[in-house]
Protein chains: 2
Amino acid sequence: MEKQTITIYDVAREANVSMATVSRVVNGNPNVKPTTRKKVLEVIDRLDYRPNAVARGLASKKTTTVGVIIPDVTNLYFSSLARGIDDIATMYKYNIILANSDQNDQKEVQVLNTLLAKQVDGIIYMGHKISDELRAEFSRSKTPVVLAGTVDPDEQMGSVNIDYEAATEQTIAQLISNGHERIAFVSGSISQEPINGIYRLKGYKTALQNAGIEYDESLVFETAYSFTVGEEVYSKLAEAGATAVFAGDDEIAVGIMNGALDHFVKIPEEFEVVTANNSKLSEMVRPKLSTITQPLYDIGAVAMRLLTKLMNKEDVDEKTIILPHNIANRGTTKEV
Amino acid sequence: MEKQTITIYDVAREANVSMATVSRVVNGNPNVKPTTRKKVLEVIDRLDYRPNAVARGLASKKTTTVGVIIPDVTNLYFSSLARGIDDIATMYKYNIILANSDQNDQKEVQVLNTLLAKQVDGIIYMGHKISDELRAEFSRSKTPVVLAGTVDPDEQMGSVNIDYEAATEQTIAQLISNGHERIAFVSGSISQEPINGIYRLKGYKTALQNAGIEYDESLVFETAYSFTVGEEVYSKLAEAGATAVFAGDDEIAVGIMNGALDHFVKIPEEFEVVTANNSKLSEMVRPKLSTITQPLYDIGAVAMRLLTKLMNKEDVDEKTIILPHNIANRGTTKEV
DNA sequence: CTGAAAGCGCTAACAG
DNA sequence: CTGTTAGCGCTTTCAG
């Protein structure tokens with residue numbers, strides 16, 4: 001005999017009420033006499049009834065699940081955001097469908113489509129850039145989208161970030177005040193990723209300009225998001241005569257630092273490093289990385305909170321949210 | 001005017017066929033005349049029809065989504081497994097609902113229940129221990145479960161792991177051959193976590209015994225899974241007179257190593273460290289951590305592959321899978 | 001406060 | 001090769 005799944009109908013019959021009433025007590029609808037509620041609850045417990053969320057989703061057109069597009073869960077920056085997202089999602093009774101995109105345009109569009117097919121109530125997107133096709137798909141659908149740790153120049157979707165430009169400017173300014181004139185800028189794609197190519201680079205240039213230092217393109221490097229390539233990059237920085245570096249990603253920063261260390265360069269005495277994300281990685285290496293401190297968990301959490309409001313069609317006064325940042329001087333910069 | 005969602009019925013009407021036929025072409029059923037298939041496909045494209053996965057799930061009793069219970073996405077060991085899981089899931093057209101459990105028994109049971117309510121086709125569980133209540137819930141449901149990087153002594157569920165005992169024994173043996181007699185063993189809970197308390201500890205003891213070294217309980221430490229506590233632990237190791245350590249987690253190992261480094265201890269000359277998981281963290285620190293090499297990504301991938309077979313009710317010859325391991329001597333152990 | 005009834009959008013026999 | 005017909009299990013008017 002196959003194990004029979006018990007439905008709302010079974011509960012109704014056993015409790016001598018209609019399915020409508022069972023539905024009401026399951027959904028906490030107050031219009032139920034305490035006596036009947038109790039009776040129904042008791043039957044539910046006895047039969048060990050568990051509402052089928054799929055059926056519920058079909059009938060109510062709400063699935064209480066949100067899609068999360070992430071470049072790679074294995075990157076501490078993004079997984080930290082994801083943790084914040086999941087915690088708040090859980091708090092609001094949502095579940096998360098997590099999909100790695102590898103930042104691949106085609107994969108992203110495909111993932112988005114399956115997410116939409118699964119009728120997610122909302123989407124959180126993380127990534128370095130949003131392709132035109134993806135943006136088009138986003139705006140074509142009615143499903144609310146929030147960007148976490150991701151900026152899209154045309155601010156159509158909700159987003160949560162820090163002020164990358166200001167943060168970078170401060171960082172570079174401090175490096176300059178430490179005596180550096182040749183400060184390298186290393187990040188992912190300058191031409192494609194707004195955070196790097198627009199905001200951070202702008203902050204970098206502004207700081208240089210304020211100090212009367214000429215911008216030198218040969219100090220700007222694009223690289224992949226991995227510590228392995230970071231190590232290779234160090235040699236290039238050295239060749240270019242850089243005495244300090246700002247890295248747009250902690251893994252990259254670690255790679256560069258290790259590259260320097262492997263060349264017996266003393267940090268921070270002979271070479272200073274500042275990174276951008278304050279993931280726990282930055283505190284696990286030695287010396288500890290000086291960094292822009294971003295509230296990673298909070299960025300994720302606030303993004304998810306914003307999404308709940310959007311999904312709930314609540315009024316949102318500001319859907320482009322900027323969280324505060326700071327700078328932590330740890331072991332890879334000289335004492336000021 | 002609200003944007004009308006278009007259904008299979010609309011497509012059927014426009015194409016002058018029945019919904020059954022549309023369903024067939026959508027699902028790749030071969031019993032459709034090429035001509036009609038083409039016609040339907042064209043209408044689907046024109047109307048931009050997207051099948052509703054929720055309705056499909058209700059009708060077919062399959063959701064093509066699997067639940068993944070993970071202690072913390074932010075832990076590189078688990079996120080590496082998760083990456084393997086997601087990639088294979090995607091390959092087989094499944095999506096993943098990811099839920100952080102924080103290894104909290106109550107939360108795990110709750111998460112499992114919502115996963116089951118959402119009618120996931122299967123579940124992958126990662127964690128250090130399975131509470132009795134959770135195990136009961138697992139066996140009560142018909143939904144297939146696979147453990148990844150997790151062992152449960154009564155092998156009822158599918159699982160993918162390495163041979164923790166053998167790996168640990170080899171590691172300790174090597175440390176002994178390097179001249180150590182007081183080797184510390186640091187991990188999460190010994191009393192509750194089978195991998196640590198049963199397998200690794202057994203391997204540890206066997207290696208000592210083979211070398212005629214007496215087991216000393218004061219060299220065994222339990223600690224939380226975080227590099228921050230690891231740093232505190234180092235002092236205790238030093239007090240206990242340990243000259244080498246085996247750590248059951250990379251973050252813990254990093255913490256201990258940093259604790260030693262912060263005390264100006266030379267590694268590996270004065271103190272050797274071997275860690276257990278080979279997460280990329282082990283290669284990002286300096287010196288690079290010597291480690292048992294586990295195929296993390298593969299453990300996740302194989303676990304997911306196994307789950308697809310289970311969900312598909314295929315015959316599986318062996319559902320307790322052991323993947324090969326090795327030992328990588330990097331910077332925290334002396335050259336042999 | 002409660003019940004009846006009509007779907008939600010799709011799959012899956014079954015018949016032809 | 002194609003259409004008809006029941007549901008899947010639940011929510012949601014609409015009456016009463």
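Naming: A, B, ... by sequence-line order, numbering from 1 per chain.
One axis for each end of the helix from C/dC1-D/dG16 to C/dG16-D/dC1, each built from five base pairs, and the angle between them comes to 30° at 10° resolution.
For residues 15-23 of chain B, proximity to DNA chain C is found at B/M19, B/A20, B/S23, defined as any non-hydrogen atom under 4.0 angstrom from a strand atom. In the region residues 115-123 of chain B, proximity to DNA chain D at under 4.0 angstrom, judged on heavy atoms, holds for none of the residues. A heavy-atom distance below 4.0 Å to DNA chain C is reached by these residues of residues 39-61 of chain A, ordered by number: A/L58, A/A59, A/K61.
In this structure a side-chain-to-backbone donor-acceptor pair under 3.5 Å is missing from A/D86 to A/R83. A donor-acceptor distance shorter than 3.5 angstrom exists from the side chain of A/N52 to the backbone of A/V54, with no hydrogens or angles considered.
Partners of B/D298 by salt bridge (Lys or Arg N to Asp or Glu O under 4.0 Å), not counting sequence neighbours: none found. With sequence neighbours excluded, no residue satisfies salt bridge (Lys or Arg N to Asp or Glu O under 4.0 Å) with B/D45. Taking A/K61 as the reference, nothing meets the salt bridge (Lys or Arg N to Asp or Glu O under 4.0 Å) condition, with sequence neighbours excluded.
From the 5' end on, the contacts that DNA chain D makes with chain B at under 4.0 Å to a non-hydrogen atom open and close at D/dC1 to D/dG9. In summary, contact between chain A and DNA chain C, defined as any nucleotide atom under 4.0 Å from a heavy atom of the protein, begins and ends at C/dC1 to C/dG9 in the 5' to 3' direction.
The salt bridge (Lys or Arg N to Asp or Glu O under 4.0 Å) contacts involving residues 22-44 of chain A comprise A/E42-A/R46, where partners must be two or more places apart or lie in separate chains. Evaluation of the ring pair (Phe, Tyr, Trp, His ring centres under 6.0 Å) test over residues 42-70 of chain A, restricted to residues two or more places apart or in two chains, returns none.
The minimum heavy-atom distance between A/T150 and A/S159, with the atom names listed, is O-CB, 4.1 Å. When all heavy atoms are compared, the tightest approach of A/T63 to A/V120 is OG1-CA, 3.7 Å.
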Please table the atom pairs, donor to acceptor, closer than 3.5 Å between any side-chain atom in residues 123-132 of chain A and protein atoms at least two apart or in another chain.
unit_1 : atom_1 : unit_2 : atom_2 : d
A/Y125 : OH     : A/E108 : OE1    : 3.3
A/Y125 : OH     : A/E108 : OE2    : 2.7
A/Y125 : OH     : A/K129 : O      : 2.7
A/H128 : ND1    : A/Y225 : OH     : 3.3
A/S131 : OG     : A/L134 : N      : 3.2
A/D132 : OD1    : A/R135 : NH1    : 3.0

